[in-house]
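Worksheet: one structure, shown below.
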Amino acid sequence: MKEKREAKEVTGQSASVAAFFDLDGTLVAGSSLERRFFRTLRYRHEIATSNYWMWMKEAIRLAPGGINQVLHANKMYLRDVRAEEAICKPETPVGPCLKVRTDKAEPDIGERAQENRAGRKTQARMPVPRFYEEAIGRAAWHAHQGHAIMLVSGTLEPLAQAAALALLLRLGVRGISARIGVCATRLETAFGKWTGRIVGEAMFGEAKERAVRRIAAEAELDLQSCYAYGNSASDSWMLGAVGKPAAVNPSDDLAHTARRNDWPVLRWGEENNPPRNTLKKHDANKTELKGGRIHDEQARSGCRT
């Protein structure tokens with residue numbers, strides 16, 4: 001009876017914790033997923049020349065909000081790009097996220113052949129996420145503990161959904177099941193095409209903190225027991241919203257914030273990365289958490305956006 005009661009208490013603790021991960025530069029190495037996606041669309045000639053002028057016009061409008069607003073909230077380069085074709089018919093989204101809505105039926109084989117005969121390039125594919133091995137290990141640890149995993153990213157929602165599926169498959173290879181949710185920048189569609197406008201907020205900076213707090217309220221999470229991982233200064237709001245933040249390969253600004261707040265710093269994918277599963281304090285102002293485990297309270301699987 002005592003063992004059953006203790007197991008129930010652990011399950012209850014797990015049900016109140018989640019791990020929030022940024023994508024680009026945190027879970028995923030190399031160029032951002034959206035930048036690679038842009039190159040793919042350009043290769044396919046999906047982006048009209050007029051879209052670049054539309055992007056510049058929108059950038060001028062957003063300029064008073066700062067450079068981050070221009071970079072994250074301006075998606076006019078995607079104006080009139082067919083959503084379904086651009087995302088290559090992605091798999092069913094993983095976790096609590098919305099599908100990209102389209103209103104036009106998929107072209108039949110004849111139409112596709114006609115497009116190919118017209119010389120359209122179709123070899124390019126959706127960018128495949130290249131995860132840090134340490135990131136996979138950390139996600140596996142959270143999943144093993146029963147923690148919910150949420151990807152909170154400024155990238156486009158369909159790219160984040162594809163990354164969630166890829167992560168789910170990587171964990172599945174290890175025999176680990178997980179529930180992965182996505183909270184990313186959503187695009188408006190009309191008649192099967194993207195309009196270049198976003199739905200709601202672009203997911204960066206303070207918007208990430210608001211998203212984390214909203215998810216926590218809806219899923220009844222204990223934020224002081226939750227984890228968060230980010231790599232840039234715009235992630236600092238999300239990191240500050242939880243009790244167990246960690247800066248991953250941080251930018252100079254985030255590294256300064258991490259030192260000031262005594263947050264652990266993770267070094268993933270670096271040649272000089274020391275052995276995993278070690279936690280060292282170099283001085284009063286700097287703490288580094290090296291790959292592997294975080295020994296702490298258990299968490300929950302399942303949260304909603």
Side-chain angles (χ1 to χ4, degrees), residues 18-38 40 68-75 78 86-87 90-91 93-100 126-132 135-136 138-139 142 147-168 170-171 178-187 194 198-216 226-242 245-251 254 266 268-269 303-305:
F20 299 93
F21 287 90
D22 171 56
L23 264 176
D24 295 321
T26 301
L27 279 178
V28 179
S31 299
S32 74
L33 293 177
E34 186 173 350
R35 184 175 300 175
R36 293 165 60 193
F37 183 52
F38 166 74
T40 297
N68 282 329
Q69 188 70 16
V70 172
L71 295 176
H72 291 280
N74 188 356
K75 307 301 179 186
L78 293 171
I87 61 179
E91 301 289 341
V94 180
C97 50
L98 300 175
K99 293 183 179 180
V100 177
M126 281 278 284
V128 177
R130 183 166 61 88
F131 296 106
Y132 288 115
I136 297 294
R138 184 55 54 87
H142 283 296
H147 301 178
I149 295 176
M150 285 296 302
L151 307 186
V152 183
S153 173
T155 196
L156 306 178
E157 187 180 59
L159 300 183
Q161 290 172 358
L165 177 61
L167 179 58
L168 189 69
R170 290 292 298 273
L171 294 176
R179 293 185 62 188
I180 303 176
V182 168
C183 190
T185 300
R186 295 176 57 203
L187 296 170
W194 285 321
I198 62 174
V199 178
E201 295 183 289
M203 198 52 57
F204 76 98
E206 295 177 70
K208 285 193 172 185
E209 178 186 0
R210 287 190 286 271
V212 166
R213 294 191 183 281
R214 183 182 69 249
I215 292 167
C226 288
Y227 301 80
Y229 304 86
N231 75 304
S232 69
S234 67
D235 294 321
S236 59
W237 283 273
M238 177 178 72
L239 299 181
V242 302
V248 177
N249 299 342
S251 63
L254 182 59
L266 300 169
W268 290 349
C303 74
R304 303 181 289 116
T305 57

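Computed from heavy atoms alone, side chains included, the values below leave out hydrogens, waters and symmetry copies.
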Test salt bridge (Lys or Arg N to Asp or Glu O under 4.0 Å) on Arg35 and Asp24 and set out the steps. CA-CA 10 Å; Arg35 184 175 300 175; Asp24 295 321; over 6 Å; no

Minimum heavy-atom separation for [X] and [Y], please, with both atom names.
X      : Y      : result
Ser236 : Leu254 : CB-CD1, 4.1 Å
Ala163 : Leu33  : CB-CD1, 4.3 Å
Ser153 : Leu23  : OG-CB, 3.7 Å
Ala207 : Ala202 : CB-O, 3.4 Å
Ala178 : Leu171 : CB-CD1, 3.9 Å
Trp268 : Tyr229 : CH2-CD2, 4.4 Å

Where do Leu187 and Glu157 land on the side chain to side chain contact (heavy atoms under 4.5 Å, CB included) test, with the steps shown first? CA-CA 7 Å; Leu187 296 170; Glu157 187 180 59; over 6 Å; no

Starting at [atom1] of [X], measure out to [atom2] of [Y] and round the result to the nearest 0.5 Å.
X      : Y      : atom1 : atom2 : answer
Asn231 : Thr26  : CG    : OG1   : 3.5 Å
Lys208 : Leu239 : NZ    : CG    : 8.5 Å
Phe20  : Leu151 : CZ    : CG    : 11.0 Å
Asp22  : Leu27  : CG    : CG    : 7.5 Å

Does some side-chain heavy atom of [Y] sit less than 4.5 Å from a side-chain heavy atom of [X]?
X      : Y      : value
Leu167 : Ile136 : yes
Glu34  : Thr185 : no
Trp237 : Glu206 : yes
Met238 : Met203 : no
Leu156 : Leu78  : yes

Passes side chain to side chain contact (heavy atoms under 4.5 Å, CB included), Thr155 versus Phe37? Steps please. CA-CA 10 Å; Thr155 196; Phe37 183 52; over 6 Å; no

Donor-acceptor pair, side chain of Lys75 and main chain of Ile198, under 3.5 angstrom: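 No, the answer is negative, given that no donor and acceptor are paired below the 3.5 Å cut-off.
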
Of all residues at least two apart in sequence or in a different chain, which pass the side-chain contact (heavy atoms from CB on, under 4.5 Å) check with Ala241?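 side-chain contact (heavy atoms from CB on, under 4.5 Å) list for Ala241, sorted by chain: Glu209, Val212, Arg213.
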
Taking the six-membered ring for Trp, are His142 and Phe21 parallel (under 30°), tilted (30 to 60°) or perpendicular (over 60°)?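 Taking Phe21 first and then His142, their aromatic rings stand perpendicular (interplane angle over 60°).
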
